[in-house]
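Below is one structure, written out as structure tokens; the observations come after it.
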Amino acid sequence: MLVGAAEDRPISAAATILRGVERGHAKVLVGLDALLVELVTRIAGSSHERLLDMVFRS
């Protein structure tokens, strides 16, 4: 579940998390950055740490 962007206000983020928990989601992604990390991790597999390190250090 993904709603909003990294700039979500804390109350909005909390509401998103609670909604995800109520719906039984095992993982709730709040923000575009969370979605990107999730996608990179799934696509790159075990090499995701090196890839994310290169992306976030630049």
May I have the step-by-step check of side-chain contact (heavy atoms from CB on, under 4.5 Å) for His25 and Arg19, ending in yes or no?
CA-CA 9 Å; His25 295 287; Arg19 197 168 34 253; over 6 Å; no
How long is the straight-line distance from CG of Leu32 back to CG of Leu39, given to the nearest 0.5 Å?
9.0 Å
Within one Ile-Leu-Val-Met-Phe-Trp-Tyr cluster: Val40 and Met54, side-chain cutoff 4.5 Å
yes
Please give me the minimum heavy-atom distance between Val30 and Ala13, naming the atom from each residue.
CG1-CB, 3.8 Å
Say you draw a straight line from OG of Ser47 to CG of Asp53; how long is it, rounded to the nearest 0.5 Å?
12.5 Å
How about Glu49: does its CD atom have over 12 heavy atoms from other parts shown lying under 6.0 Å from it?
no
